[in-house]
Amino acid sequence: MKLALTLRDKHAAKAHDLREKYGAPPKDFAVNAARRDYEAFEAPPKKGEKPAPGSARDGLPPPTPGAPQEIKFVPRGAQLRDNAANNREKEGIPEATKWVNDYTQPDLPLRREIEEKHRKAGKDLCAPENEAAMKQATTQGSVCDGIAKALQVHEAAHRDTCQRLGFYAFNERHAYEQAEDEVKAYRAQIEVLAGEIRRVLKQKKTKITSGSPGPTPESLLGIEVRCALAFSVAGQVDDLKFSDKVCDSAEAFTVKTSPNANFQFTPNGEKTGTYAYNGRMVGAQFYGSGSYALELQDGKGTLKLDGSGRWNVKHPMGNSSKSGPETLRATELPEGCN
């Protein structure tokens, strides 16, 4: 999220700089000068080198293979146009220009005809050059499905622009228009990321430990969370029957028993701590304390009560007690509970 917000703002500032420096739209030699300027801004650093001052990656952590910085939308038409320009023996599309008063100008009717022809043939010039590879790159470069979806939405925003303008116009955009399109794409990406974060924050097992989510994506940056371990417990110790759900093993919790023994647990970690209980039944008082340990493997395990403080009963006939561990059944609740 922070990276996407930073790159959104960097591209917005660059779009403004290009407008101010070269004009909107730029004219004559300023067109190519602006494009070279933007290409330098976008260019990733060479291996072993730091990003150029003022570039998009200046001040950012170095990209890792398959990370968002290395994924770029390349429409199918770009390769086809390159094929034709270099006389390759492959399918290609022409520049589609004409001479007007000694200058080359776009042949708009021909361009529309070419774009429509490929669209009807199921070979949209604005589709990614290798859609499967792009999807694979966004998935492999992501630590979760939400990030992959956000990256795909980013690239889809460029495709939408291409389809709205037409491939030729998209390919010949001015530099400031390219920067503004990146801003639009990052906004779409950020919206998805923010939605994914808010979805996770609403999950039962998510516990916010710092910060408070506000209405803006920026408000989500300072939030720290932890994932609560939830489990159900069942079993029996003498006449005490246990059956309850624990929604956060790292916070103090009570387990219901029949009869009620007020069985309270005080964690000193996610899976260990101490317990104490005190209850009455038909004139008898039962109480005790000790340490416990939760053991889970593949979602199933035990809650072990060590009985170090003994299991004690006071009744009209006198007192009785015993020591030793007791074991209850435990099952992890992967979706959490309330």
Q: If you measure from the Lys or Arg side-chain nitrogens to the Asp or Glu carboxylate oxygens, is any gap between K10 and D58 under 4.0 Å?
A: no
Q: Testing L240, N278, N312 for side-chain contact (heavy atoms from CB on, under 4.5 Å) with F286, which one passes?
A: L240
Q: How long is the span from the CG atom in L18 to the CZ atom in R35, to the nearest 0.5 Å?
A: 11.5 Å
Q: Does atom NE2 of H16 have more than 12 heavy-atom neighbours, drawn from other residues, nucleotides or ligands, at distances under 6.0 Å?
A: no
Q: Please say whether more than 12 non-hydrogen atoms of neighbouring residues, nucleotides or ligands are located less than 6.0 Å from CG in D9.
A: yes
Q: Please identify each residue that fulfils side chain to side chain donor-acceptor pair (under 3.5 Å) with Q178, with sequence neighbours left out.
A: none
Q: Can you name the side chain to side chain donor-acceptor pair (under 3.5 Å) partners of E172, sequence neighbours left out?
A: R81, R111
Q: Salt-bridge test for D37 and K21: reply yes if a basic N is under 4.0 Å from a carboxylate O, no otherwise.
A: yes
Q: Mind jotting down which residue pairs meet the salt bridge (charged side-chain N to carboxylate O under 4.0 Å, His left out) criterion with at least one end in residues 156-168? Sequence neighbours excluded, please.
A: E131-R159
Q: Please state whether the rings of Y176 and H174 are parallel, tilted or perpendicular, taking 30° and 60° as the class boundaries.
A: parallel
Q: Between OH of Y168 and CG of L110, what distance do you get to the nearest 0.5 Å?
A: 6.5 Å
Q: Can you list the steps and then say if K300 with E332 is a salt bridge (Lys or Arg N to Asp or Glu O under 4.0 Å)?
A: CA-CA 6 Å; K300 296 185 180 298; E332 186 176 358; over 6 Å; no
Q: Which residue pairs satisfy the side-chain hydrogen bond (donor to acceptor under 3.5 Å, both in side chains) criterion with at least one member in residues 42-54, sequence neighbours excluded?
A: H11-E42
Q: For the residue pair G324 and W311, what are the closest heavy atoms and their distance?
A: O-NE1, 3.1 Å
Q: Using the test disulfide (SG to SG under 2.5 Å), find all partners of C337 that sit at least two apart in sequence or belong to another chain.
A: C247
Q: Let me confirm one number: the OG-CZ distance from S243 to R329, rounded to the nearest 0.5 Å.
A: 9.0 Å
Q: Within the 3.5 Å criterion, strictly below it, is a donor on N262 or Q264 matched to an acceptor on the partner's side chain?
A: yes
Q: Would E177 and K184 pass as an ion pair if we require N to O under 4.0 Å?
A: no
Q: Can a salt bridge be assigned to the pair E335 and K245 using a cut-off of 4.0 Å between side-chain N and carboxylate O?
A: no
Q: Given side chain to side chain donor-acceptor pair (under 3.5 Å), test D124 with Q163 step by step and report yes or no.
A: CA-CA 9 Å; D124 185 2; Q163 291 176 329; 2.7 Å; yes
Q: Salt bridge (Lys or Arg N to Asp or Glu O under 4.0 Å), that's the test. Do R112 and E115 meet it? Break it down for me.
A: CA-CA 5 Å; R112 284 193 290 269; E115 290 168 351; over 6 Å; no
Q: For the side-chain contact (heavy atoms from CB on, under 4.5 Å) test, which of L305, V233, T274 pairs with F265?
A: L305
Q: Would you compute the distance between atom OH of Y292 and atom CZ of F263 and round it to the nearest 0.5 angstrom?
A: 11.5 Å
Q: Nearest 0.5 Å, what's the CG-CG distance between L193 and L220?
A: 10.0 Å
Q: Checking H158 against D181 for the side chain to side chain donor-acceptor pair (under 3.5 Å) test, could you report, in this order, the C-alpha distance in whole Å, the side-chain angles of both residues, the deciding distance, and whether it holds?
A: CA-CA 7 Å; H158 292 313; D181 194 44; 2.7 Å; yes
Q: My understanding is that only residues two or more places apart in sequence, or in another chain, count here; which of them pass salt bridge (charged side-chain N to carboxylate O under 4.0 Å, His left out) with E196?
A: R199
Q: Can you tell me how far the CD atom of Q189 sits from the CD atom of E155, to the nearest 0.5 Å?
A: 8.0 Å
Q: I'd like to know whether NZ of K322 has more than 12 heavy-atom contacts from other residues, nucleotides or ligands below 6.0 angstrom.
A: yes
